[in-house]
Amino acid sequence: MRKELLFESGKNLDPSDWRAIRAQGHRMLDDILDYIENIRERPVWQPIPDSVRARFREVVPTGPTDLATVHDEFLRHILPFATGNTHPGFMGWVHGGGNVPGMLAEMLAAGLNANLGGRDHVPIQVEQQITHWLRQLFDFPSSASGLFVTGSSMANLLGVLVARTRELGIEVRRKGIASTHKHLIAYASAAAHGCIAQAMDLSGLGIEALRRIPTNDHHQINLDALNAAIAADRDAGLTPFLLIGMAGTVDTGAIDELAELAGIARREKIWFHIDGAFGALAIMAPDIAPLLAGIQQADSIALDFHKWAQVPYDAGFILVRDGALHRDTFASPAAYLRRETRGLAAGGLWPCDFGPDLSRGFRALKTWFTFKVFGTDALGAMISRTCELARYLETKVITSRKLELLAPVTLNVVCFRYRGEDPDRLNAKIVADLHESGISAPSTTIIGNRLAIRAAIVNHRTEPRDIDALVKAVEKFGVAATRSCAA
Ligand SMILES: Cc1ncc(COP(=O)(O)O)c(C=O)c1O
């Protein structure tokens with residue numbers, strides 16, 4: 001065995017030298033804290049050199065490598081080429097920036113190595129406490145259930161499945177949807193995230209059973225069009241079963257008129273699910289919470305702690321008003337999962353009864369640490385600040401002769417473009433140039449058939465100077481891109 005190897009072959013996988021592993025562990029912790037502390041000095045993102053890509057095609061290691069060497073490889077070949085969403089200049093898609101207590105909690109969770117499928121241990125209580133906190137935030141009853149999942153794509157799928165059980169009864173789980181004469185139809189705005197259509201696909205109901213309702217000038221679901229679509233479907237003998245409201249659309253951050261949607265769902269006796277992937281937790285921000293009025297009436301809410309709440313990836317969540325129905329949708333008793341009244345196999349609520357996963361990690365811990373360390377006031381203030389920054393960017397766009405605003409700014413998302421010939425090509429080039437410059441990383445989307453530069457200010461580290469740098473770089477790359485597009 002090489003001297004520096006901290007693990008002894010032929011034995012268990014614990015270190016042979018605990019003092020040495022402690023020192024190495026502290027170095028690793030220091031390195032990642034240095035990375036976060038000095039993140040601003042790095043490029044947001046940088047292209048991956050071919051030589052680095054090639055390293056990740058090497059064959060499976062059959063022998064050992066000492067931990068320090070592997071960590072060094074991480075520092076040189078993985079860390080510099082990550083997405084960059086910890087960086088204050090990252091404004092693409094909807095990525096949270098993470099936070100240090102959350103990261104440390106993730107390390108503790110890995111040390112405990114708890115499996116949150118079920119059984120009687122406090123990590124399950126931690127997850128239940130998060131459910132309890134969300135019940136408080138959204139005014140849900142104590143009978144509401146909650147579950148950590150990977151992200152809102154999964155949470156929305158679970159919401160669709162619970163709504164399906166509600167409409168077709170628990171029998172659908174045994175007999176499948178082919179056994180029913182009902183043709184279920186769901187409704188969401190045309191601005192809904194693609195994972196909603198995917199949830200319809202995965203639940204066996206089919207993408208075409210999702211009505212994508214046009215939006216109004218504020219990018220919210222058009223209520224008249226929605227009512228008309230429901231009426232037409234009923235006339236055609238179809239069965240409306242699910243209305244999905246958006247609390248923060250992915251493209252523009254628009255929030256549907258949730259209270260009105262709740263009224264429609266009640267009148268139609270259909271399930272009211274809200275995709276609040278990033279917007280729902282704005283309930284913690286007193287100036288934004290009023291925009292979410294009506295969210296309290298949802299039957300289920302999908303949300304992500306890893307977006308605006310800055311919990312390290314991944315930490316999606318589903319909250320369901322009718323906890324019993326939620327359980328009925330997923331619980332699958334098995335002899336090897338027998339519940340007892342005493343011992344480790346006791347514990348009333350096993351999370352595996354509320355979703356498809358049996359083995360589950362301790363996502364709740366990093367969320368619990370984040371909420372305990374910062375509190376909802378500070379998290380809410382941070383969310384408000386990102387919206388202020390979006391308004392600052394909006395003003396800069398409106399006052400620039402070179403830029404054009406493409407959508408109203410409701411929350412923290414600003415869609416704009418550089419004016420010029422062939423603007424789609426021009427702006428796509430500008431965004432790629434921005435990424436490669438390492439200055440800023442917005443993404444793109446299509447607004448009314450026009451390609452937009454889309455800046456989603458989600459990161460708690462973003463400051464006005466990052467907005468200034470984005471605008472300056474867009475204008476600079478705009479001039480260069482105009483020249484090269486014309487050439
Ligand atoms: C509105 C909306 N819904 C759903 C999702 C999917 O969430 P996740 O990426 O956590 O699966 C996103 C992601 O950005 C989103 O913005």
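Both counts, for ligands and for their atoms, begin at 1 and track the order of listing. Because the structure is predicted, anything quoted here is derived from the model rather than measured.
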*Asks:* Looking just at side-chain N and O atoms, do Asn227 and Arg267 make a donor-acceptor pair shorter than 3.5 Å?
*Replies:* yes
*Asks:* Identify all side-chain donor-acceptor contacts of residues 39-49 below 3.5 Å with residues at least two apart in sequence or on another chain.
*Replies:*
| from | atom 1 | to | atom 2 | distance (Å) |
| --- | --- | --- | --- | --- |
| Arg40 | NH1 | Asp466 | OD1 | 2.9 |
| Arg40 | NH2 | Asp466 | OD2 | 2.9 |
| Gln46 | NE2 | Pro80 | O | 3.2 |

*Asks:* For Asp233 and Tyr187, does a side-chain donor sit closer than 3.5 Å to a side-chain acceptor?
*Replies:* yes
*Asks:* How about Arg385 and Thr462: does a side-chain donor come under 3.5 Å of a side-chain acceptor?
*Replies:* no
*Asks:* Could you list all the salt bridge (charged side-chain N to carboxylate O under 4.0 Å, His left out) pairs where at least one residue sits in residues 136-162, not counting sequence neighbours?
*Replies:* none
*Asks:* Can you name the side-chain contact (heavy atoms from CB on, under 4.5 Å) partners of Asp304, sequence neighbours left out?
*Replies:* Ser152, Ala277, His306, Lys307
*Asks:* Report all N/O contacts between ligand 1 and the protein shorter than 3.5 Å as a table of atom names and distances to 0.1 Å; if there are none, say 'none'.
*Replies:*
| from | atom 1 | to | atom 2 | distance (Å) |
| --- | --- | --- | --- | --- |
| ligand 1 | 3 (N) | Asp275 | OD1 | 3.2 |
| ligand 1 | 3 (N) | Asp275 | OD2 | 2.7 |
| ligand 1 | 7 (O) | Asp304 | OD2 | 3.4 |
| ligand 1 | 7 (O) | Lys307 | NZ | 3.1 |
| ligand 1 | 10 (O) | Ser152 | N | 3.0 |
| ligand 1 | 10 (O) | Asp304 | OD1 | 3.4 |
| ligand 1 | 10 (O) | Asp304 | OD2 | 2.7 |
| ligand 1 | 10 (O) | His306 | NE2 | 3.1 |
| ligand 1 | 10 (O) | Lys307 | NZ | 3.0 |
| ligand 1 | 11 (O) | Ser152 | N | 3.4 |
| ligand 1 | 11 (O) | Ser153 | N | 2.9 |
| ligand 1 | 11 (O) | Ser153 | OG | 2.6 |

